[in-house]
Amino acid sequence: MMMMDLDPPQDQDTEMGNSDVHNIILSYLVHNSFKGTAESFIASTGMKKPAGYCLEDMEKRKRICNFIIEGSVLKAIEQTEQLAPDILEKNMDLHFDLLGLHFVELVSSRRSNEALKFAQAKLAPFMKAQSFLQKLEDFLSLLAFDEPEKSPMFHLLSLEHRQHVADSLNGAILAHENQPRYSVLERLIQQTTVVRQCLSEDPASKEGSQAFCFKDFIKKKSL
């Protein structure tokens, strides 16, 4: 099997031009609703605004995601339903995760009775689908601990979990607007990770048998 050179010479056709790099950067800025930075980047590079570029939509998505991160999930749900009325009906997993974040906020505030009532009213109806049973049990298990931050399900209270749900909702809104769910940069990272992982599992590859980790790869390249 022929080995691939993963770091080809710069004069090959694989070299990216400035416009390619600019498009990747702008895609990331728009995807993550960095409105001001995107406007400045377009002005400084002289790029044309891409199809579907809308400052108002970016502002709305940014506001919704900020509500999630700040713990105002019900406001995020309300504004999402105004922006895309049927999006949560079509994404039950996402809807459950959002409601779960509000439940977690109540538990974290030591409002256990209110959290239980909320679970019975808003989360229990999802029990009609067997796939939500384990998720519901994980959330309810937080009520058994005086310090839920020290429970086995502590990750449900983490900022990382909130960010994950916010990213999922952001992608769902973009897809609803017929925009890519992931930025170009994210897709490149995903594809690079898959290719590198496949090569690391190939005995004939110079990558060897060590499992590939994108974070470790970036660290090595930055040294």
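Just so you know, residue 1 is the first one in the sequence shown, and it goes up from there. A quick note: this is a predicted structure, and the numbers were derived from the prediction, not measured. Quick note: numbers below take in every heavy atom, side chains included, and nothing from hydrogens, waters or symmetry partners.
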Undergrad: State, yes or no, whether a side-chain contact exists between Leu143 and Leu140 at a heavy-atom distance under 4.5 Å.
TA: yes
Undergrad: Any idea which heavy atoms bring Phe145 and Ser151 closest together, and the distance?
TA: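 Of all heavy-atom pairs spanning Phe145 and Ser151, the closest is CD1-CB, 3.4 Å.
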Undergrad: Considering all heavy atoms of both residues, which atom of Leu99 and which atom of Phe118 are nearest to each other, and what is their separation?
TA: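 Answer, listing the atom of Leu99 first, then Phe118: O-CE2, 3.3 Å.
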Undergrad: So which atom in Cys65 and which in Ala166 form the shortest heavy-atom distance, rounded to 0.1 Å?
TA: SG-O, 3.7 Å
Undergrad: Should the pair Glu105-Arg162 be classified as a salt bridge under the 4.0 Å nitrogen-to-oxygen rule?
TA: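 Result for this pair is yes, salt bridge flagged.
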Undergrad: How long is the gap from CE on Met127 to CG on Leu136, to the nearest 0.5 Å?
TA: 5.5 Å
Undergrad: Should Met58 and Ile25 be counted in the same cluster of Ile, Leu, Val, Met, Phe, Trp and Tyr side chains packed under 4.5 Å apart?
TA: yes
Undergrad: Does any non-hydrogen side-chain atom of Asp93 lie less than 4.5 Å from one of Phe132?
TA: yes
Undergrad: For residues Met92 and Ile77: do they belong to one hydrophobic cluster (side chain heavy atoms under 4.5 Å, members Ile, Leu, Val, Met, Phe, Trp, Tyr)?
TA: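 Yes; tracing contacts between hydrophobic side chains, which count when under 4.5 Å, links both residues.
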Undergrad: Within the structure provided, determine whether Glu177 and Leu83 are in side-chain contact (heavy-atom separation under 4.5 Å).
TA: yes
Undergrad: What distance do Leu174 atom CG and Asp57 atom CG have between them, rounded to the nearest 0.5 Å?
TA: 9.0 Å
Undergrad: Evaluate side-chain hydrogen bond (donor to acceptor under 3.5 Å, both in side chains) for Asp97 paired with His161, printing each intermediate quantity in order.
TA: CA-CA 10 Å; Asp97 288 342; His161 180 62; 5.6 Å; no
Undergrad: Please determine if Glu56 and Lys60 form a salt bridge, counting it only when a charged side-chain N lies under 4.0 Å from a carboxylate O.
TA: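 A salt bridge links Glu56 with Lys60.
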Undergrad: I want to know whether Phe126 and Phe96 have ring centres closer than 6.0 Å.
TA: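 That pair passes the under 6.0 Å test.
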Undergrad: Can you tell me if Lys122 has over 12 outside heavy atoms packed within less than 6.0 Å of its NZ?
TA: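 Result for NZ/Lys122: open.
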Undergrad: Report yes or no: does Ser40 contribute a side-chain atom to a donor-acceptor pair with the main-chain N or O of Thr37 at less than 3.5 Å?
TA: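 Answer holds: no.
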Undergrad: Considering only NZ, NE, NH1 and NH2 on the basic side and carboxylate oxygens on the acidic side, decide whether Arg110 and Asp146 come within less than 4.0 Å.
TA: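 So Arg110 does not pair with Asp146 through a salt bridge.
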Undergrad: What are the two closest heavy atoms between Ala38 and Leu29, and how far apart are they?
TA: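 That closest heavy-atom pairing would be CA-CD1, 3.9 Å.
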Undergrad: How about Lys135: does its NZ atom have over 12 heavy atoms from other parts shown lying under 6.0 Å from it?
TA: yes
Undergrad: Measure the shortest side-chain to side-chain distance between Val73 and Phe67 over non-hydrogen atoms and say whether it is less than 4.5 angstrom.
TA: no
Undergrad: Ignoring hydrogens and geometry, is there a side-chain-to-backbone donor-acceptor pair from Arg61 to Glu59 under 3.5 Å?
TA: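 It does not hold such a pair.
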Undergrad: What's the separation between atom NE2 in His95 and atom OG1 in Thr80, rounded to the nearest 0.5 Å?
TA: 9.5 Å
Undergrad: Same hydrophobic cluster for Ile69 and Leu106, using side-chain heavy-atom links shorter than 4.5 Å among ILVMFWY?
TA: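 Per the 4.5 Å side-chain linkage, Ile69 and Leu106 are not co-clustered.
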Undergrad: Give the minimum heavy-atom separation between Val104 and Leu156, together with the two atoms involved.
TA: CG1-O, 3.6 Å
Undergrad: Between Leu101 and Ile68, which heavy-atom pair has the shortest distance, and what is it?
TA: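 Taking every non-hydrogen atom into account, CD1-CG2, 3.7 Å.
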Undergrad: When you look at NE2 of His164, are more than 12 heavy atoms from neighbouring residues, nucleotides or ligands closer to it than 6.0 Å?
TA: no
Undergrad: Does a sphere of radius 6.0 Å around CD in Gln130 hold more than 12 heavy atoms from other residues, nucleotides or ligands, not counting ones at 6.0 Å or beyond?
TA: no
Undergrad: Count the heavy atoms of every other residue, nucleotide or ligand shown that sit under 6.0 Å from CG of Asp86, and state whether that count exceeds 12.
TA: yes
Undergrad: How many angstroms lie between atom CD1 of Ile173 and atom CD of Gln79, to the nearest 0.5 angstrom?
TA: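 Between Ile173 CD1 and Gln79 CD, I get 9.5 Å after rounding to 0.5 Å.
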Undergrad: Roughly how far, to the nearest 0.5 Å, is CG of Leu142 from CD of Glu147?
TA: 13.0 Å
Undergrad: Nearest 0.5 Å please: distance from the CD atom of Glu149 over to the OG atom of Ser108.
TA: 6.0 Å
Undergrad: Report yes or no: do Leu98 and Leu123 belong to one cluster of Ile/Leu/Val/Met/Phe/Trp/Tyr joined by side chain heavy-atom distances under 4.5 Å?
TA: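 Yes: a chain of side-chain contacts under 4.5 Å links Leu98 to Leu123.
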Undergrad: Can you check whether Phe41 reaches His22 side chain to side chain, under 4.5 Å on heavy atoms?
TA: yes
Undergrad: Can you tell if the side chain of Ser112 reaches within under 4.5 Å of the side chain of Val107, non-hydrogen atoms only?
TA: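 They are not in side-chain contact.
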